[in-house]
Structure formats: C-alpha cells, structure tokens
Amino acid sequence: MSLTFKPRPRGGRWPVALAWLAVVLLAVAALLMGGVGPAYRLEWLSLGESFSLLRRGALLSLGAAGLGVMAFLVAGLCRRWKPALVGMLVIVAVVALVAQPLQLRELARSVPPIHDITTDLANPPAFEALAEARRTAPNALAYPRDFAEAQRAGYPDLRPLDIAHPLPEVHAAAEALARERGWENAAASEQRLEAVATTRWFGFKDDIVIRLTPTDAGTRVDMRSASRIGKSDLGTNASRIQNFLEALTARLSS
C-alpha cells in the first residue's frame with residue numbers, strides 16, 4: 001500500500017495569515033469610522049472622543065492596507081492566488097474607506113473656517129423661533145461680524161435672490177422645497193421661514209432662516225444658514241444656500 005502526501009502549500013501559512021489579519025484590521029477600522037457618527041448622535045461619545053476614534057480608525061485602515069500589500073506580494077510570489085486576491089481587495093476597500101475623510105480634509109483647507117453664512121452681510125436675517133436653541137449651543141446666535149470679510153473672499157457669488165414673482169407664490173415654493181429637503185419646520189409667517197437641517201452621519205444641526213421682502217419687481221429672497229457647533233462648516237452652509245436658491249429659481253421658472 002502506498003501513501004500519498006499532499007504537498008505543503010508554498011509559503012506555508014504566511015499568505016493566508018497576512019490576508020486574514022488585513023481583513024480583521026479593516027473590519028475594526030470600518031466599525032470605528034462608521035460607528036462614531038451614530039454613537040455621537042446617541043450621546044454615547046463626546047465630539048472630541050468621536051473625532052479621536054475616527055483618527056484611530058483611519059490609522060488602523062492604513063495598517064490594514066499595509067498588511068494587504070504584504071499579503072498580495074507574499075501570496076503572489078508563492079503563487080497563492082486566493083490570499084493575493086484578498087490582499088488586493090483589502091487595499092481597494094481601504095482606499096474607498098479613507099477617500100471621504102481625505103476629501104473633507106482638503107475641503108477644509110479650501111474654504112473659509114466659518115460656520116454662519118448669509119446672503120445679506122449688512123443685515124443678516126435674524127433667528128427668532130430658533131433663538132433659544134442657538135443660545136444654548138456653542139456657536140453664537142448673532143451673525144459674527146468678523147465672518148463677513150472671509151465670506152466675501154470665500155463665496156463671492158453668494159447674494160440675495162431677486163425674482164419676478166409675488167411674495168405668496170415665492171413663500172409657497174420655498175416652504176415646499178424645505179419640506180422636500182427634509183428640514184424640520186420651526187416657524188413660518190408671511191415673510192419668513194425658519195427650519196433645522198440635520199446632517200446624516202453625525203446628526204449635526206444647522207439652523208436656517210429665509211426672509212422674503214416684497215419689491216416693485218417681485219420678491220427679494222435672503223437666506224441664512226448657521227451651524228450650532230464647530231468652527232468650520234466645510235462649506236456646507238454656503239452650498240445649502242446656493243443650492244436652495246437655484247432650486248427655488250428653477251421651481252418658480254417652470
């Protein structure tokens with residue numbers, strides 16, 4: 001009787017071990033980076049703790065990428081194609097995982113470090129219904145006057161909207177657009193709207209006020225959007241105002 005011995009795979013256990021370790025590190029990194037937002041919303045973590053865990057998750061993801069590269073190289077040299085494929089998939093997953101944080105970091109460098117944006121720098125629309133919520137928030141209730149110059153430099157095209165439609169028609173269109181965007185209505189009167197927009201990941205709340213003024217040619221629309229927390233909004237408030245005014249123009253034009 002002859003015995004048949006299965007040849008030992010080239011490289012032994014190293015290609016598989018490296019690949020699995022890369023997968024484990026990637027899973028932990030994804031859990032940390034994806035979970036900090038919901039944990040902050042549920043008040044399990046402070047904002048500082050959340051950002052600390054986010055940085056740790058990013059570092060772990062880089063470690064997973066390094067192990068993925070090692071697994072790919074070692075498995076490739078040993079002609080172990082499954083571990084090599086796993087290593088390559090880990091590298092691709094890490095790139096996808098850190099792409100958004102890296103984009104946000106670059107965005108933070110390209111926009112003014114401000115969090116309160118208005119179309120009327122001389123007379124910003126005031127928060128009334130949301131005044132109490134803003135008084136208890138870290139950021140100021142009143143528009144910080146030292147933001148004006150930074151806003152002019154960073155968002156030179158942001159200005160009031162003058163539209164040739166009567167005020168009631170503009171009011172109805174603005175209110176409908178706010179609902180479609182999922183903003184929480186705080187107050188509505190004949191010439192103003194106040195609402196709250198909540199970000200998806202961390203659940204940050206931004207306060208919005210829309211002021212409508214009748215003119216000889218129709219209606220002037222002024223808008224202000226301000227974050228309750230954080231020094232820089234990464235351009236979110238300016239983008240919100242610009243997109244809303246463009247959508248309002250398109251809605252009324254059609």
Side-chain angles (χ1 to χ4, degrees), residues 1-111 113 115 180-182 197-206 227 229-240 243:
M1 181 177 68
S2 61
L3 297 175
T4 303
F5 294 97
K6 186 177 180 179
R8 183 186 180 189
R10 296 183 64 180
R13 297 179 180 178
W14 279 106
V16 174
L18 289 170
W20 273 111
L21 186 54
V23 169
V24 170
L25 275 183
L26 175 63
V28 174
L31 182 63
L32 283 176
M33 297 179 71
V36 291
Y40 174 77
R41 288 203 308 270
L42 293 171
E43 298 182 353
W44 293 350
L45 297 172
S46 68
L47 187 60
E49 291 169 338
S50 299
F51 286 155
S52 177
L53 286 178
L54 189 61
R55 286 191 293 270
R56 293 178 186 180
L59 291 174
L60 280 177
S61 69
L62 294 178
L67 286 172
V69 171
M70 291 176 62
F72 177 76
L73 294 176
V74 171
L77 289 173
C78 296
R79 298 185 180 180
R80 304 277 295 279
W81 307 122
K82 288 183 179 180
L85 177 61
V86 171
M88 177 58 68
L89 291 176
V90 167
I91 297 168
V92 172
V94 169
V95 171
L97 189 63
V98 302
Q100 186 175 12
L102 289 176
Q103 289 174 353
L104 291 176
R105 187 180 70 175
E106 292 304 311
L107 181 61
R109 294 174 176 174
S110 65
V111 299
H115 54 261
E180 290 171 9
R181 280 160 168 70
T198 304
T199 62
R200 293 181 181 178
W201 189 12
F202 273 83
F204 295 134
K205 292 186 180 298
D206 296 339
S227 303
I229 189 172
K231 180 180 178 181
S232 174
D233 63 5
L234 304 180
T236 299
N237 289 300
S239 177
R240 178 181 293 118
N243 291 339

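The basis for the numbers below is simple: all heavy atoms, side chains too, and nothing from hydrogens, waters or symmetry mates.
The CD1 atom of I91 lies 5.0 Å from the CE atom of M88; values are rounded to the nearest 0.5 Å. Separation of atoms CE (M70) and CG (L18) is listed at 5.0 Å; rounding is to 0.5 Å. To the nearest 0.5 Å, atom CG of residue D206 and atom CG of residue N237 are 4.5 Å apart. The OG atom of S61 lies 5.5 Å from the CG atom of L97; values are rounded to the nearest 0.5 Å. Note that CG of L73 and SG of C78 are 11.0 Å apart. Values are rounded to the nearest 0.5 Å. With rounding to the nearest 0.5 Å, the separation of CH2 in W20 from CG in L67 is 14.0 Å.
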Just distance, no hydrogens or angles: give the donor-acceptor pairs under 3.5 Å from side chains in residues 43-51, sequence neighbours left out.
unit_1: S46; atom_1: OG; unit_2: E49; atom_2: N; d: 3.2
unit_1: S46; atom_1: OG; unit_2: E49; atom_2: OE1; d: 3.4
unit_1: E49; atom_1: OE1; unit_2: S46; atom_2: N; d: 2.9
unit_1: S50; atom_1: OG; unit_2: S46; atom_2: O; d: 2.9

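The shortest heavy-atom contact between P83 and A19 is O-CB, 3.9 Å. Closest approach of A75 to A84, counting heavy atoms only: CB-N, 3.4 Å. Closest of all the heavy-atom pairs between L25 and A64 is CB-CB, 3.8 Å. In terms of heavy atoms, R41 sits closest to R200 at NH1-O, 2.7 Å.
Panel note: side chain S232, backbone L234; a donor-acceptor pair is recorded below 3.5 Å. Under a 3.5 Å cut-off, the side chain of T199 and the backbone N or O of F204 do form a donor-acceptor pair. Under a 3.5 Å cut-off, the side chain of R80 and the backbone N or O of V16 do not form any donor-acceptor pair. With S239 contributing its side chain and T236 its backbone, the two residues share no donor-acceptor pair below 3.5 Å. Using modelled atom types, one side-chain atom of H115 and one backbone atom of K231 make a donor-acceptor pair closer than 3.5 Å.
Residues F72 and V86 fail the side-chain proximity criterion, which asks for heavy atoms closer than 4.5 Å. Within the 4.5 Å cutoff, no side-chain heavy atoms of L60 are placed close to those of M33.
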Practice item. Please step through side chain to side chain contact (heavy atoms under 4.5 Å, CB included) for the pair L32 and L54, ending with a clear verdict. Key: CA-CA 6 Å; L32 283 176; L54 189 61; over 6 Å; no

